[in-house]
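Read through the structure below, which is laid out as structure tokens, and then see the notes.
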Number of protein chains: 2
Amino acid sequence: MARVSSPASFDELKQLISSRYGELSSRLRQIAEFALEHPNDMALGTVAAVAARAGVQPSAIIRFANSLGYDGFSDLQRVFRSRLVAGSPSYRERIDTMRHKAEADRKTNGTDSVLAQFTGDGIAALQHLRETTRPADMTRAVSILARASEVYLLGQGRAFPVAYYLYYAIARLDLRAHLLDGIGGLLHEEARAAAHDDVLIAVSFKEYSRDVAAIVERAAARGVKVIALTDSPLSPIARQASVSFEVDQSPALPFRSLVAPMCLAQSLVVALGHQLASRGGSS
Amino acid sequence: MARVSSPASFDELKQLISSRYGELSSRLRQIAEFALEHPNDMALGTVAAVAARAGVQPSAIIRFANSLGYDGFSDLQRVFRSRLVAGSPSYRERIDTMRHKAEADRKTNGTDSVLAQFTGDGIAALQHLRETTRPADMTRAVSILARASEVYLLGQGRAFPVAYYLYYAIARLDLRAHLLDGIGGLLHEEARAAAHDDVLIAVSFKEYSRDVAAIVERAAARGVKVIALTDSPLSPIARQASVSFEVDQSPALPFRSLVAPMCLAQSLVVALGHQLASRGGSS
DNA sequence: TATATGATAGAATATTCATTCCAAACTATC
DNA sequence: GATAGTTTGGAATGAATATTCTATCATATA
């Protein structure tokens with residue numbers, strides 16, 4: 001087994017290259033320097049392209065990879081690619097810490113690791129929410145709500161808790177709030193009450209409810225302002241909306257969580273409360 | 001020259017995909033969704049790999065690229081790669097967000113800082129939840145639920161979204177779930193259906209609903225197993241419960257959040273799902 | 001100076017990959 | 001219910017790519 005080492009993380013690779021640097025031939029040193037200085041080229045380029053940029057022969061690149069214990073350039077390149085998708089260091093470190101904690105728990109107890117998993121995912125989702133939400137959208141949504149005559153809340157299935165929470169919280173601000181809950185099968189009829197100086201807050205996640213999409217479309221066509229709370233810019237309600245929040249469920253989690261949407265909903269309502277308090281405290 | 005458009009930046013591409021989404025065929029829509037949800041896969045994968053992950057044929061990927069005005073997949077992939085090398089995505093987004101925040105804060109009374117506040121609070125709440133929840137309680141709650149004949153869900157006001165979520169999620173596990181929603185004012189009557197081999201999951205926060213407390217008391221007296229989701233061991237429902245989770249809203253926050261209870265609820269349901277799958281996969 | 005050892009360049013090769021093409025399936029229209 | 005027009009799946013193709021191999025070159029040692 002020629003390969004005693006061959007790190008899978010970029011940080012380890014960096015250390016390995018540094019420690020082996022002394023033993024390398026001059027051409028291989030040249031490549032080592034290039035690799036550490038241009039990790040992006042290493043990650044995305046072909047052997048020919050990297051060789052050209054580094055001023056060496058393609059075969060030298062392969063020898064470099066082999067000398068570090070990798071099967072070939074492609075094998076080495078994986079490490080450089082992992083660096084690109086890992087995200088910013090601090091973010092990744094936090095996730096890693098959580099994951100390690102989760103693994104430690106798995107040894108002790110199975111059910112508890114589920115909680116560790118979801119709190120970890122939840123924290124990641126909240127960080128992602130904060131990083132990707134555009135402040136301008138928040139501001140616009142709040143000012144639309146502050147001017148609204150009536151606020152209608154719509155959400156079905158998994159999205160319903162979010163809609164209900166918004167209804168509950170907005171009603172407590174003494175705004176006129178109406179929850180479209182579809183009791184008795186009159187969802188579409190309830191929605192017809194919304195007029196052009198009203199606002200409809202629609203919440204919908206995959207797989208998007210047909211009813212919600214249809215109601216949003218008709219409301220938008222009538223001139224009702226729509227604020228969408230969804231999970232993708234391709235969502236059927238995002239395209240119709242005046243303001244659309246895409247709470248991206250951070251990359252491919254097996255279970256969808258309501259943590260981020262709930263947090264966004266609360267932030268919206270509290271920001272709205274501040275706005276109302278600071279401007280006209282009247283009526 | 002067929003190509004009138006074909007953005008070179010990822011943000012423009014996102015917009016282009018969103019706007020063209022409606023005109024695309026179903027298979028192409030499928031790819032569009034995948035592309036926006038898994039930009040890293042698009043950036044680093046081969047056509048075959050991307051096609052496999054998206055569940056389509058390689059040729060469909062090429063067609064997708066062509067329909068957006070690109071020469072082929074490689075041409076399209078450049079855009080996704082540019083996103084990766086423009087600095088790690090979340091880092092760049094964070095910088096942008098920060099810059100925008102500074103401007104937005106100046107115009108408004110810090111609408112955006114509200115979001116920063118609540119994501120921060122949410123993270124703290126989740127960490128607190130993780131640290132204070134006793135694994136033994138999770139295990140007991142799951143095993144009680146796994147043996148239940150029927151599961152009743154109860155929560156009013158601010159707690160209702162949590163109860164509804166539990167109802168929704170448990171029903172999807174093919175368990176017999178019943179939401180006590182009090183429509184038509186028959187809350188107490190609905191609750192009388194719970195028998196001694198049933199479980200009642202009650203959710204209640206300060207100020208505790210009188211109805212919920214009363215229902216829990218009567219149910220517990222009849223021998224119904226009660227799982228409480230509340231915010232203090234002194235809560236009127238905690239004392240009656242077989243298992244009680246106290247999701248303490250970490251030290252004196254001005255606004256109560258549902259982030260932690262929601263996360264706990266999801267963890268419970270998923271742990272229950274695992275339990276059911278591992279034990280009797282029958283029914 | 002002669003020889004042995006290791007490194008290098010560049011051509012040759014085998015593999016992987018993007019792309020194209022065509023038949024089959026599907027839709028909408030008359 | 002038949003037909004024209006799209007859309008789709010999957011094999012075929014040709015280009016691009018990583019890797020291997022060998023002759024040459026440099027270097028150190030006797």
Side-chain angles (χ1 to χ4, degrees), chain A residues 1-3 6 8 13 17 20-35 38-82 84 210 234, chain B residues 1-3 6 8 13 17 20-35 38-82 84:
Chain A
M1 187 185 312
R3 191 197 312 180
S6 53
L13 175 61
I17 292 179
R20 288 276 183 84
Y21 185 73
E23 317 159 15
L24 295 177
S25 72
S26 71
R27 188 51 45 94
L28 260 41
R29 286 187 189 185
Q30 185 183 345
I31 297 171
E33 286 165 24
F34 179 86
H38 306 279
N40 288 341
D41 290 312
M42 292 292 289
L44 297 178
T46 67
V47 170
V50 170
R53 289 223 51 191
V56 300
Q57 287 294 320
S59 51
I61 305 285
I62 312 289
R63 274 186 286 118
F64 174 69
N66 288 332
S67 76
L68 293 174
Y70 293 93
D71 283 344
F73 176 68
S74 307
D75 201 20
L76 172 64
Q77 192 175 47
R78 261 199 290 280
V79 181
F80 284 90
R81 292 190 164 187
S82 75
L84 284 181
R210 290 196 166 281
L234 300 184
Chain B
M1 192 181 312
R3 191 198 310 179
S6 53
L13 175 61
I17 292 179
R20 288 278 182 83
Y21 185 72
E23 317 158 14
L24 296 178
S25 72
S26 73
R27 189 49 42 95
L28 262 37
R29 286 187 188 187
Q30 184 183 345
I31 297 171
E33 288 165 25
F34 179 87
H38 306 278
N40 289 341
D41 289 313
M42 292 293 290
L44 296 178
T46 66
V47 170
V50 170
R53 290 223 51 194
V56 302
Q57 288 294 320
S59 49
I61 305 282
I62 312 285
R63 272 197 294 270
F64 174 68
N66 288 332
S67 77
L68 293 174
Y70 293 93
D71 283 343
F73 174 69
S74 307
D75 201 20
L76 172 66
Q77 194 177 45
R78 260 199 289 283
V79 181
F80 284 90
R81 292 191 165 186
S82 76
L84 284 180

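Proteins come first, then strands; the chains are lettered A, B, ... in the order of their sequence lines, and each starts at number 1.
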Quiz item: Across the strands shown, which category fits B:Ala60 at heavy-atom distances under 4.0 angstrom: base, sugar-phosphate, nothing?
Solution: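 Result for B:Ala60 = nothing.
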
Practice problem: Tell me what A:Ser74 touches on the nucleic acid: a base, only sugar-phosphate, or nothing, going by heavy atoms under 4.0 Å. | Solution: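 A:Ser74: backbone/sugar contact only, no base atoms under 4.0 Å.
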
Interatomic distance, [X] [atom1] vs [N] [atom2] [rounded to whole Å]:
X       : N      : atom1 : atom2 : result
B:Arg63 : C:dC21 : CZ    : C1'   : 11 Å
A:Arg27 : C:dT8  : CZ    : P     : 6 Å
B:Ile61 : C:dT20 : CD1   : C1'   : 16 Å
A:Phe64 : C:dA9  : CZ    : P     : 15 Å
B:Leu44 : C:dC17 : CG    : P     : 13 Å
A:Asp75 : C:dT16 : CG    : P     : 14 Å
A:Ile31 : C:dT8  : CD1   : C1'   : 11 Å
B:Phe73 : C:dT16 : CZ    : C1'   : 14 Å

Quiz prompt | Contact boundaries on DNA chain D for chain A, cut-off under 4.0 Å to non-hydrogen atoms | solution =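 The protein-touched segment is D:dT17 to D:dT20.
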
Non-hydrogen atoms of [X] and [Y] that approach each other most closely:
X       : Y       : result
A:Leu24 : A:Arg29 : O-NE, 3.2 Å
A:Asp41 : A:Val50 : O-CG2, 3.6 Å
A:Leu28 : A:Ala60 : CD1-O, 4.1 Å
A:Met42 : A:Leu76 : CE-CD2, 4.0 Å

Quiz item: Which nucleotide in the set C:dT20, C:dA9, C:dC17 lies at the smallest distance from any side-chain heavy atom of A:Ser59?
Solution: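 Of the options given, the side chain of A:Ser59 lies nearest C:dA9.
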
Quiz item: Does the side chain of A:Val56 come within less than 4.5 Å of A:Phe34's, by heavy atoms?
Solution: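 No, too far: nothing below the 4.5 Å cut-off.
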
Exercise. For the residue pair B:Leu13 and B:Tyr70, establish whether any side-chain heavy-atom pair is separated by less than 4.5 Å.
Key: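 When only atoms from C-beta onward are counted, B:Tyr70 and B:Leu13 do touch, with a gap below 4.5 Å.
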
Quiz item: Is the distance from OP1 or OP2 of C:dT8 to the nearest side-chain N or O of A:Gln57 less than 4.0 Å?
Solution: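 So the side chain of A:Gln57 is outside the cut-off, no N or O lying under 4.0 Å from OP1 or OP2 of C:dT8.
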
Quiz item: Sequence neighbours excluded, which residues qualify as side chain to side chain donor-acceptor pair (under 3.5 Å) partners of B:Gln77?
Solution: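 With sequence neighbours excluded, B:Gln77 shows a side chain to side chain donor-acceptor pair (under 3.5 Å) to no residue whatsoever.
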
Quiz item: Can you check whether B:Leu44's main-chain N or O pairs, donor with acceptor, with A:Arg81's side chain at less than 3.5 Å?
Solution: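 Side chain of A:Arg81 to backbone of B:Leu44: a pair is present.
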
Self-check item: Side-chain donor/acceptor of B:Arg53 to backbone N/O of B:Gly45, under 3.5 Å
Solution: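 Judged by distance alone, no pair lies under 3.5 Å.
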
Quiz prompt | For DNA chain D, the dot-bracket pattern of Watson-Crick and G-U pairs whose distances stay under 3.5 Å, | for other-strand partners | solution = ||||||||||||||||||||||||||||||

